[in-house]
A.B. asks: 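What follows is a structure written as structure tokens; I'll ask about it next.
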Number of protein chains: 2
Amino acid sequence: MIDFDQLDKTIHEKGRLSIMTLLAGRAGWSFQDLKQELGMSDGNLITHLRTLAAAGYTEEKKDGTGSRPRTTYHLTAAGKLAFEEYLDVLESIVKTLRPD
Amino acid sequence: MIDFDQLDKTIHEKGRLSIMTLLAGRAGWSFQDLKQELGMSDGNLITHLRTLAAAGYTEEKKDGTGSRPRTTYHLTAAGKLAFEEYLDVLESIVKTLRPD
DNA sequence: CAAATAACTTTGTGAAACAAAGTTATTTGT
DNA sequence: ACAAATAACTTTGTTTCACAAAGTTATTTG
């Protein structure tokens with residue numbers, strides 16, 4: 001059966017699920033790219049990124065050259081694992097209701 | 001790509017997603033069955049059921065014999081449709097990240 | 001030097017999840 | 001017949017949280 005308890009609340013929220021999905025799809029999204037892709041306000045986006053970082057799911061890398069900050073965001077190993085487990089739940093929901 | 005805007009907020013919340021999944025799996029869940037399966041408090045469960053009903057996604061049927069209330073909850077046609085669209089998004093997330 | 005840009009922080013509002021306890025009506029046990 | 005249990009609520013209160021708007025700091029481009 002479906003283990004709803006496994007539905008990680010940190011990931012499940014719509015905004016953060018969107019972010020996690022994008023970060024899982026390809027590495028190295030910038031703040032601006034995420035903002036544009038998701039249409040979020042700065043405050044909202046940074047808050048979600050902080051929430052994910054606090055959970056240990058994401059980390060930021062600064063492009064070092066002392067130039068204009070161009071932070072990129074990445075999944076950590078823990079973030080990838082947590083997201084995989086989250087996807088397991090999604091898959092089991094879909095498979096339960098749409099057995100092909 | 002994935003259309004995150006299509007992620008119906010009414011359905012997406014963890015508790016209601018659980019309820020919708022159960023109701024989509026088989027018809028005629030009683031309040032008690034849902035409560036036990038999901039481990040929710042009465043107040044929380046009825047609130048979610050009301051929210052879903054207000055969206056037109058669920059309806060209740062009273063077992064008519066004037067006996068002890070034995071309400072059962074069901075998806076409406078609109079609820080089924082909305083849930084199918086929600087599942088489309090889940091499927092596209094899973095397929096994007098786990099292409100088999 | 002001015003304006004723009006990146007990545008924030010701060011502040012405030014409003015909504016919503018959730019639990020606990022109380023309510024009403026019916027039914028079962030003795 | 002009366003008490004206890006049960007179903008389906010409602011009410012109340014707490015606490016969290018999403019989200020937007022505006023301000024901040026630092027750097028870079030015109």
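It should be emphasised that the depicted structure is a prediction, and the values quoted were computed from it without experimental measurement. Lettering follows sequence order; numbering is per chain, from 1.
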A.B. asks: Using whole Å, what does the distance between atom P of nucleotide C:dA17 and atom CG of B:Leu38 come to?
C.D. replies: 14 Å
A.B. asks: Quick check on DNA chain D: between B:Gly43 and A:Ser41, whose nearest nucleotide comes earlier from the 5' end?
C.D. replies: B:Gly43
A.B. asks: Is any side-chain nitrogen or oxygen of A:Arg16 closer than 4.0 Å to OP1 or OP2 of D:dC17?
C.D. replies: no
A.B. asks: With a 3.5 Å cut-off and no angle check, do the side chains of B:Asn44 and B:His48 form a donor-acceptor pair?
C.D. replies: yes
A.B. asks: So which nucleotide from C:dA7, C:dT9, D:dC9 ends up closest to the side chain of B:Glu60?
C.D. replies: D:dC9
A.B. asks: Rounded to the Å, how far apart are B:Arg50 CZ and D:dC9 P?
C.D. replies: 5 Å
A.B. asks: Applying the Watson-Crick and G-U wobble criteria at under 3.5 Å, what pairs with D:dA3? Answer none if nothing qualifies.
C.D. replies: C:dT28
A.B. asks: On a heavy-atom basis, which atom in A:Phe83 and which in A:Thr21 lie closest, and how many Å separate them?
C.D. replies: CZ-OG1, 3.7 Å
A.B. asks: In whole Å, I'd like the distance from the CG atom of B:Leu17 to the C1' atom of C:dA17.
C.D. replies: 15 Å
A.B. asks: Nearest whole Å is fine: how far is C:dA7 P from A:Gln36 CD?
C.D. replies: 13 Å
A.B. asks: What is the separation between atom NZ on B:Lys14 and atom C1' on D:dC17, rounded to the nearest whole Å?
C.D. replies: 15 Å
A.B. asks: Looking at A:Thr47, does any N or O in its side chain come under 4.0 Å of the phosphate oxygens OP1/OP2 on D:dA18?
C.D. replies: no
A.B. asks: Taking only N and O in the side chain of B:Ser30, is any of them less than 4.0 Å away from OP1 or OP2 of D:dA7?
C.D. replies: no
A.B. asks: Within a strict 4.5 Å, meaning less than it, do heavy atoms of the B:Thr10 and B:Thr51 side chains meet?
C.D. replies: yes
A.B. asks: Mind checking who D:dT24 pairs with, Watson-Crick or G-U wobble, both distances under 3.5 Å?
C.D. replies: C:dA7
A.B. asks: Given atom NZ of A:Lys9 and atom P of D:dT16, what is their separation to the nearest angstrom?
C.D. replies: 11 Å
A.B. asks: Under 4.0 Å: is that the gap between some side-chain N or O of A:His48 and OP1 or OP2 of D:dC17?
C.D. replies: no
A.B. asks: From the options D:dC19, D:dC9, C:dA19, select the nucleotide whose nearest atom is closest to the side chain of A:Asn44.
C.D. replies: D:dC19
A.B. asks: Taking any strand in view, what nucleotide pairs with D:dG30 in a Watson-Crick or G-U wobble way, both distances under 3.5 Å?
C.D. replies: C:dC1
A.B. asks: Below the 4.0 Å mark, does C:dA7 have OP1 or OP2 next to a side-chain nitrogen or oxygen of A:Gln32?
C.D. replies: yes
A.B. asks: Compare side-chain N and O positions of B:Tyr73 against OP1 and OP2 of D:dC9 and report whether any pair is under 4.0 Å apart.
C.D. replies: yes
A.B. asks: Can you give me the closest heavy-atom contact between B:Ser30 and B:Tyr73, atom names plus distance?
C.D. replies: C-CD1, 4.3 Å
A.B. asks: Side-chain N or O of B:Lys61 versus OP1/OP2 of D:dA8: is the shortest distance under 4.0 Å?
C.D. replies: no
A.B. asks: If you look only at distance, which donor and acceptor atoms sit under 3.5 Å apart when one is on a side chain in residues 75-82 of chain B and the other is two or more places apart or in another chain?
C.D. replies:
{"from": "B:Thr76", "atom 1": "OG1", "to": "B:Gly56", "atom 2": "O", "distance (Å)": "2.5"}
{"from": "B:Thr76", "atom 1": "OG1", "to": "B:Tyr57", "atom 2": "O", "distance (Å)": "3.3"}
{"from": "B:Thr76", "atom 1": "OG1", "to": "B:Ala78", "atom 2": "N", "distance (Å)": "3.4"}
{"from": "B:Thr76", "atom 1": "OG1", "to": "B:Gly79", "atom 2": "N", "distance (Å)": "2.9"}

A.B. asks: Using modelled atom types and a 3.5 Å cut-off, is there a donor and acceptor pairing between side-chain atoms of B:His12 and backbone atoms of B:Tyr86?
C.D. replies: no
A.B. asks: Using a 4.0 Å heavy-atom cut-off across all strands, classify B:Lys35 as base, sugar-phosphate, or nothing.
C.D. replies: nothing
A.B. asks: Taking atom P of D:dC17 as reference, at what distance in whole Å does atom CE of A:Met40 sit?
C.D. replies: 16 Å
A.B. asks: Could you check how far CD of B:Glu13 sits from C1' of C:dA15, rounded to whole Å?
C.D. replies: 13 Å
A.B. asks: To the side chain of A:Thr71, which of C:dC8, D:dA18, C:dA21 is closest?
C.D. replies: C:dC8
